[in-house]
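Here is the structure we will look at.
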Amino acid sequence: MSSFEQKFRIFSNLCTEDYLIRYANKGLYKRSLKELDNGVTVDYTWNETSVSCELSEGSTCTLQDTLDQWQCSCPSEQICKHVLISILYYQREHASTDIKNSDEQGEADGVTGVNQANELDEVRIDQASSSIVTASRFRWMVESNLTTLIKSLNSSVIEEVLFRLRYPEAIKVLEDSLLTVHLVSQDIEVSFTEEPSLAKALCKVKQTAGNIAKLEALLRYRMQQGIDDTESLNTKAFDLKFSLQTVRECRVILAEMLKTGLARLPGSYMAELETLAITAHSGNLPDIERSLRGIQGELQLFFNRHVRFSMHTLLSRVSKLYLALHVLEQEKASAIQQSQLIGRFRSKYYTVPELHLYGIGADAWETRSGFRGITYYFYGLDDQQIYTYSDVRATYYDDHEFSYTEHYGSYIPWLPQVTFRQFAGEEVQFRAVKVNEEHRLSSGEGAKLTILPRTEVENVNVEPLVQQASTILSHDSQEVSLFSAPKERLAIFKVSRILEHHFEPSTQDLMLTMLTEASEELVLTLPYASDWETTIKRLESGYGAAALEHFYAFVRVEQQQIVPISFLKGSTVFSLKLDLGYGRMKRLGRL
């Protein structure tokens, strides 16, 4: 017997009925057995690393010691009955040979062939019974070195699974001839063999999505057994390559600027920063490039003696970048910390199995760089995190415009009959939606959205967002964090009633003074913009606000001022900038 035939013999013994049905399907398995019973035979030609199988009905196929690689003369792109027949026929012939050899050995020892066959059957029964106790056969799933198991997977697959593990996912485990992990909310099954390999696992989902499902099923099973693989995953997921020489050059040039001082800094320094920013881009250092361009912009304001120049802002940018460069140059930071310092050229989105979200308002905005958009805010009922979706357009071209009213009334990408105005005040459930690190939702294909009956806000646990008026502005909102980007500060206040409202001509702001449920006064500031002139006039005149009592105010904290986004009461959401035209404020006051 050749060495490959020995391997194939072991492989065929592993191809149990359950294994073949899960790899193919039950109907194909039964058809294969029927053709064998009708007299189909197979001739085998053993090669060095494969076996050529010629079926009596004319088909030919080539097999290896795995079902991941096979060839057949039939046109099927999926595993076909000819492959199953070749395996099943070999199993039958192999079993017949074992029985025949046992009979001959029994006669030579004075034991009848019938008795020997019976003993062999008893041994097989014992082996079948022992296969039910699968714990020892699948111990590799908890005992094997995870680094070895994921060696063949690329970092993007591991990174996506690492992100998915932040979200709960129920699993069901079935142990028979295979160990099957069912990811309940995704309705995906992954079946593991006794061989310690992710490649040998069976999953109906193919290609990259299949690799993600296999790894996720394995890791969630290990989590169920009390094993934390986070450190091993981080090391492989954030295996980064960047130019250390560029990091050193950046640190040196910043040190020279600090040593020289702004007063004696030559104009040619701007060209050096531009060259260094281009080098950082080539050296896979996206956040370093952005920081260099930010410093370049501040210096340009300084050289132009512009009123917007801020020494505090410049020093903050230089300090943070210098510290980041110093940490990278030391090469002592963990892989995940390095990835946070380096950043990404584009935000990466990951599929989350399920999200239960509660709409808390929408805010319209415009940037000085020529972008307009509307951001929709949602509260995660399972993880108490804020999720957003932004509809953004560039308006710096002459023929590009952005109408807030038009976009607010347009249809959402997930359900064509639902407008964004409705979407902002709904309770929804997403399945297979893509989310990035900043909890922004993607409108990409594949996500499934269900509109749920909206719970009244008074019955929703929003306590993690609730703030006190006396403490909200007590700490610096611009705290510098080296390993993370600055986050938008959002909060909710429980308001008893609106005390007064007036327009401040000197600052062009509408000031709304609230009395909170804790009997504290809270001042909300709505900055003036031409787009919101009508809105501000209506709010200034008390449009629907006089009768508004005992509601929630959802706000954003910006540089020692609190900007209102929306008011919530009962099952209604009122987004200040966008909803006045729909009469929602009056309806909110009547609740």
Side-chain angles (χ1 to χ4, degrees), residues 357-379 386-428 440-443 449 451 454 488 490 501 503 508-510 512 524-545 548 551-556 558 563-591:
L357 303 179
Y358 188 83
I360 53 178
D363 192 29
W365 47 267
E366 182 177 9
T367 66
R368 290 195 179 111
S369 56
F371 287 87
R372 279 191 167 199
I374 302 175
T375 297
Y376 300 87
Y377 294 89
F378 291 85
Y379 180 64
I386 294 292
Y387 290 83
T388 62
Y389 175 79
S390 294
D391 184 11
V392 185
R393 298 290 186 278
T395 59
Y396 42 75
Y397 297 110
D398 293 337
D399 57 341
H400 285 201
E401 295 182 357
F402 185 95
S403 169
Y404 293 114
T405 303
E406 179 182 333
H407 282 269
Y408 195 48
S410 63
Y411 295 107
I412 65 175
W414 306 282
L415 288 175
Q417 71 274 23
V418 178
T419 65
F420 277 108
R421 180 168 62 88
Q422 295 170 299
F423 182 59
E426 296 284 5
E427 183 174 340
V428 301
R440 290 199 300 269
L441 303 173
S442 168
S443 60
L449 175 65
I451 305 295
R454 184 174 174 87
E488 188 177 35
L490 302 167
H501 39 77
F503 185 76
Q508 295 287 290
D509 294 333
L510 177 67
L512 300 171
L524 305 184
T525 304
L526 189 62
Y528 174 82
S530 58
D531 287 287
W532 315 119
E533 182 177 3
T534 302
T535 297
I536 289 175
K537 285 182 178 179
R538 287 186 174 184
L539 288 172
E540 186 183 4
S541 65
Y543 182 83
L548 187 56
F551 62 96
Y552 289 79
F554 176 53
V555 304
R556 178 175 55 252
E558 296 179 351
V563 180
I565 297 174
S566 62
F567 296 157
L568 301 93
K569 185 175 182 180
S571 58
T572 303
V573 179
F574 175 79
S575 299
L576 267 69
K577 291 181 180 178
L578 298 161
D579 279 334
L580 271 179
Y582 296 98
R584 280 191 176 182
M585 176 71 101
K586 290 184 177 180
R587 292 202 300 273
L588 197 67
R590 290 194 295 268
L591 291 178

- Query: Is there side-chain contact between L490 and T388, with heavy atoms separated by less than 4.5 Å?
  - Reply: no
- What heavy-atom pair brings S575 and S566 nearest, and what distance separates the two atoms? CA-CB, 3.9 Å
- Task: State, to 0.1 Å, how close G359 and L568 come at their nearest heavy-atom pair, and which atoms those are.
- Result: O-CD2, 4.1 Å
- Message: Rounded to the nearest 0.5 Å, what separates atom CG in L357 from atom OH in Y379?
- Response: 11.5 Å
- Item | Inter-residue atom distance Y389.OH - S442.OG, 0.5 Å rounding | 8.0 Å
- Look up atom OH in Y387 and atom CG in L441, then write down how far apart they are to the nearest 0.5 Å. 8.5 Å
- Closest heavy-atom pair, P413 versus S443, reported as atoms and distance to 0.1 Å, is CG-CB, 3.6 Å
- Query: By side-chain hydrogen bond (donor to acceptor under 3.5 Å, both in side chains), which residues pair with R393, not counting sequence neighbours?
  - Reply: D391
- Name all residues meeting the ring pair (Phe, Tyr, Trp, His ring centres under 6.0 Å) criterion together with Y552; count only those two or more places apart in sequence or in a different chain, and write none if there are none. none
- Measure from the ring center of Y404 to the ring center of F420 and say whether it is less than 6.0 Å. no
- Shortest non-hydrogen pair, I565 vs A362, comes out as CG2-O, 3.7 Å
- Item | Rounded distance (nearest 0.5 Å) linking atom CH2 of W414 with atom CD1 of I451 | 10.0 Å
- Name all residues meeting the side-chain hydrogen bond (donor to acceptor under 3.5 Å, both in side chains) criterion together with Y376; count only those two or more places apart in sequence or in a different chain, and write none if there are none. none
- Query: Could you state the interatomic distance from OG (S410) to CD1 (I374), rounded to the nearest 0.5 Å?
  - Reply: 7.5 Å
- Item | Residues forming a side-chain hydrogen bond (donor to acceptor under 3.5 Å, both in side chains) with S390, sequence neighbours excluded | T375
- Task: Please list, chain by chain and in numerical order, all residues satisfying ring pair (Phe, Tyr, Trp, His ring centres under 6.0 Å) with Y358, sequence neighbours excluded.
- Result: none
- Message: Contact between L526 and L512 at the side-chain level, heavy atoms closer than 4.5 Å - yes or no?
- Response: no
- Just wondering, do V418 and L449 contact through their side chains at under 4.5 Å, heavy atoms? no
- Can you sort out the partners of Y377 under ring pair (Phe, Tyr, Trp, His ring centres under 6.0 Å), two or more places apart, ordered by chain and number? F554
- Message: I'd like to check V573 versus R454 (side-chain heavy atoms, cut-off strictly below 4.5 Å). Are they in contact?
- Response: yes
- Task: Identify, with sequence neighbours excluded, every residue that meets side-chain hydrogen bond (donor to acceptor under 3.5 Å, both in side chains) alongside E427.
- Result: H356, T455
- Query: How many angstroms lie between CG in L578 and OG1 in T405, if you round to the nearest 0.5 Å?
  - Reply: 7.5 Å
